[in-house]
S.K.: 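Below you will find the structure I want to go over with you.
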Protein chains: 2
Amino acid sequence: MTSAGPTRAERRRNTEQRILAAARELFAERGFERTTIRAVASAAQVDPALVMQYFGSKQQLFSQAVRISVAGTGTGTGTGTGTGTEAGTDTGDRPRTGGPEALTDSLLASLGMKIGGLPEASLAMLRSMLTHPEAAEAARAALDHQITELAAAMSAGHEAERQAHDARLHAALAVATMVGVTIGHQLLGIDDLRRASPEEIAAALRPALHALVTGAE
Amino acid sequence: MTSAGPTRAERRRNTEQRILAAARELFAERGFERTTIRAVASAAQVDPALVMQYFGSKQQLFSQAVRISVAGTGTGTGTGTGTGTEAGTDTGDRPRTGGPEALTDSLLASLGMKIGGLPEASLAMLRSMLTHPEAAEAARAALDHQITELAAAMSAGHEAERQAHDARLHAALAVATMVGVTIGHQLLGIDDLRRASPEEIAAALRPALHALVTGAE
DNA sequence: GGTTTCGCTCAACGTACGTTGACTCAACGA
DNA sequence: TCGTTGAGTCAACGTACGTTGAGCGAAACC
């Protein structure tokens with residue numbers, strides 16, 4: 001009977017996480033504009049006013065849910081999308097070592113995760129980046145970061161044979177390709193992509209990514 | 001002095017086109033949700049009520065501006081995005097004839113047009129497709145159509161050597177790649193893509209698209 | 001046990017939006 | 001010339017939203 005109920009701090013953290021989870025889910029499936037604080041509160045079984053009291057504003061709720069610093073000038077957590085616990089978009093985990101094949105594989109591995117189940121925070125980000133300015137800014141930063149990492153790993157192979165300019169362009173195209181495939185698969189639900197297994201997609205995409213990473217001319 | 005002013009029908013068509021142009025521009029740069037009828041009317045130097053009187057609703061204005069039928073069950077004009085006069089997304093004009101190289105070239109040519117200056121109707125469509133259900137539906141239909149065309153052209157080469165299933169998957173990935181690059185370049189404004197000329201992008205992308213269209217395994 | 005803290009709710013404000021109906025006035029046809 | 005049509009405006013309605021401040025009740029502290 002006398003089961004010790006959760007402490008006050010526990011309850012607080014609990015509902016805070018419940019709100020964040022609901023926000024992530026709704027932001028991911030409807031985007032920033034179509035997601036109302038009332039809907040988030042309702043999904044978290046909480047009063048809308050509480051969401052405001054905890055997160056300050058809808059924008060800050062979004063930032064917290066997607067784990068971006070937002071702030072002002074834009075340095076903040078730097079990496080962009082996913083430094084938090086479960087936020088993703090960590091495309092190309094550590095493509096430091098290995099040849100082009102390893103690079104391609106690491107890209108494809110991250111794609112497999114994306115297609116398997118991209119964290120909702122990243123989906124929320126992708127979903128809103130075309131219509132919500134702050135999300136666009138964060139997405140640009142995150143993608144730029146990925147491009148930089150990938151380009152560095154690419155030009156690490158061929159000493160100075162390849163111009164850094166070229167490496168960044170090819171890296172940008174590779175990243176854009178991943179974005180396009182992810183959008184088509186996860187957000188638009190293109191049939192031919194939905195039907196295919198992550199392995200099939202990875203296999204079909206490998207030569208193309210390899211060509212981009214290698215930089216054949 | 002007695003300059004014959006424009007006739008009534010002329011004026012009507014004129015302002016109607018002015019409204020549509022303003023709508024396209026705003027939808028393209030802000031998306032459906034953030035574009036208000038008041039803003040469109042103001043840009044067209046017209047009263048908001050007139051926009052309603054001419055187009056019925058914001059949704060129908062969007063549909064007209066992007067040239068989609070919308071309607072109810074979804075058959076309509078079928079093809080999707082661009083049957084109208086200037087609406088684009090006509091990726092791969094007529095890739096009927098020629099080998100894989102010709103296919104790749106035609107894809108790249110359409111990309112060049114996109115990057116050079118994609119029609120605002122298509123930009124409006126792309127901008128809103130992740131957050132506006134009707135736009136998503138139309139985008140799916142348009143992309144499916146492109147995939148079908150591309151897949152047909154692809155499997156026309158190798159008689160029955162390649163499964164139709166595979167052709168469609170590869171075609172879908174090629175189309176998704178183009179979407180990703182276009183989004184990165186036009187809507188997000190990724191620096192490394194913005195800096196590159198259409199020719200550079202086409203050259204860098206060619207081997208990758210060739211790999212997808214060819215279907216190397 | 002009394003007081004304070006704080007998680008949480010209730011009711012409401014202000015605003016921006018899509019949308020509507022009545023109205024004005026110049027072009028048009030007879 | 002006179003009545004009619006229709007392009008365009010004005011003022012307003014209803015609503016949904018982000019946001020706010022006062023208040024309640026149970027846990028926490030002494």
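Here the structure is a predicted model, which is why all the values come from computation and not from measurement. Reminder, nothing fancy here: chain letters follow the sequence lines and each chain counts from 1.
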S.K.: Quick one: stems involving DNA chain C, counted as three or more successive Watson-Crick or G-U pairs, both distances short of 3.5 Å.
M.R.: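 The stems that DNA chain C takes part in, listed by first number, are C:1-30 with D:1-30.
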
S.K.: CZ of R38(A) versus C1' of dC10(C): gap in Å, rounded?
M.R.: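 Computing the R38(A):CZ to dC10(C):C1' distance gives 12 Å.
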
S.K.: If I take atom CD1 from residue I183(B) and atom CZ from residue R127(B), how far apart are they, to the nearest 0.5 angstrom?
M.R.: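 Result: 9.5 Å between the selected atoms.
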
S.K.: Over how many whole Å does the gap from K58(A) atom NZ to dC17(D) atom P extend?
M.R.: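 Rounded to the whole Å, the gap is 9 Å.
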
S.K.: Using a cut-off of less than 4.0 Å, is there contact between a side-chain N or O of T7(B) and OP1 or OP2 of dC28(C)?
M.R.: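 Yes, because at least one side-chain N or O of T7(B) sits under 4.0 Å from OP1 or OP2 of dC28(C).
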
S.K.: Set out, line by line, the N/O atom pairs under 3.5 Å between protein and nucleotides 2-8 of chain D.
M.R.:
from, atom 1, to, atom 2, distance (Å)
dT5(D), O2, R8(B), NH1, 3.1
dT5(D), O2, R8(B), NH2, 2.8
dA7(D), OP2, R12(B), NH1, 3.0
dG8(D), OP1, R11(B), NH2, 3.2
dG8(D), OP2, T15(B), OG1, 2.8
dG8(D), OP2, Y54(B), OH, 2.7

S.K.: Looking at every heavy atom in both L150(B) and A174(B), which two are closest together, and how far apart are they?
M.R.: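 In this case the closest contact between L150(B) and A174(B) is CD2-CB, 3.9 Å.
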
S.K.: To the nearest 0.5 Å, what is the distance between CD1 on I147(A) and CG on D192(B)?
M.R.: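 Rounded to the nearest 0.5 Å, the CD1-CG separation comes out at 5.0 Å.
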
S.K.: How many whole angstroms separate atom CE of M52(A) from atom C1' of dG14(C)?
M.R.: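 These atoms are roughly 14 Å apart.
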
S.K.: Roughly how many Å is it from CZ in F62(B) to P in dG18(C), rounded to a whole number?
M.R.: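 It works out to 14 Å between those atoms.
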
S.K.: Taking atom P of dG18(D) as reference, at what distance in whole Å does atom CZ of R34(B) sit?
M.R.: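 Atom-to-atom, R34(B) to dG18(D), this comes out as 12 Å.
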
S.K.: If I take atom CD in residue E33(A) and atom P in nucleotide dG18(C), what distance separates them, rounded to the nearest angstrom?
M.R.: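 From E33(A) CD to dG18(C) P: 12 Å.
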
S.K.: Rounded to the nearest 0.5 Å, what's the gap from CG on L205(A) to CD on E200(A)? Could you check?
M.R.: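 If we round to the nearest 0.5 Å, L205(A):CG and E200(A):CD are 13.0 Å apart.
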
S.K.: Does CZ in R18(B) sit with more than 12 non-hydrogen atoms of other residues, nucleotides or ligands closer than 6.0 Å?
M.R.: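 Atom CZ in R18(B) is packed in, count exceeds 12.
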
S.K.: Thinking salt bridges, do E137(A) and R140(A) make one under a 4.0 Å N-O criterion?
M.R.: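 Yes.
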
S.K.: Please tell me which of P48(B) and A49(A) maps to the more 5' nucleotide of DNA chain C, matching each residue to the nucleotide holding its nearest heavy atom.
M.R.: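 By nearest-heavy-atom nucleotide position, the 5'-most residue is A49(A).
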
S.K.: Within the supplied structure, the quantity of interest is the number of heavy atoms (other residues, nucleotides, ligands) at a distance under 6.0 Å from R194(B) CZ; does it exceed 12?
M.R.: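 More than 12 heavy atoms, drawn from other residues, nucleotides or ligands, come within 6.0 Å of this atom.
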
S.K.: Say you draw a straight line from CD of Q45(B) to OG1 of T15(B); how long is it, rounded to the nearest 0.5 Å?
M.R.: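 It is 11.5 Å, given to the nearest 0.5 Å.
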
S.K.: Drop me the distance from Q59(B)'s CD to F62(B)'s CZ, to the nearest 0.5 angstrom.
M.R.: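 Reported to 0.5 Å precision, the distance equals 7.0 Å.
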
S.K.: Expressed as a whole number of angstroms, how long is the span from E10(A):CD to dC8(C):P?
M.R.: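 Distance check: E10(A) CD to dC8(C) P gives 13 Å.
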
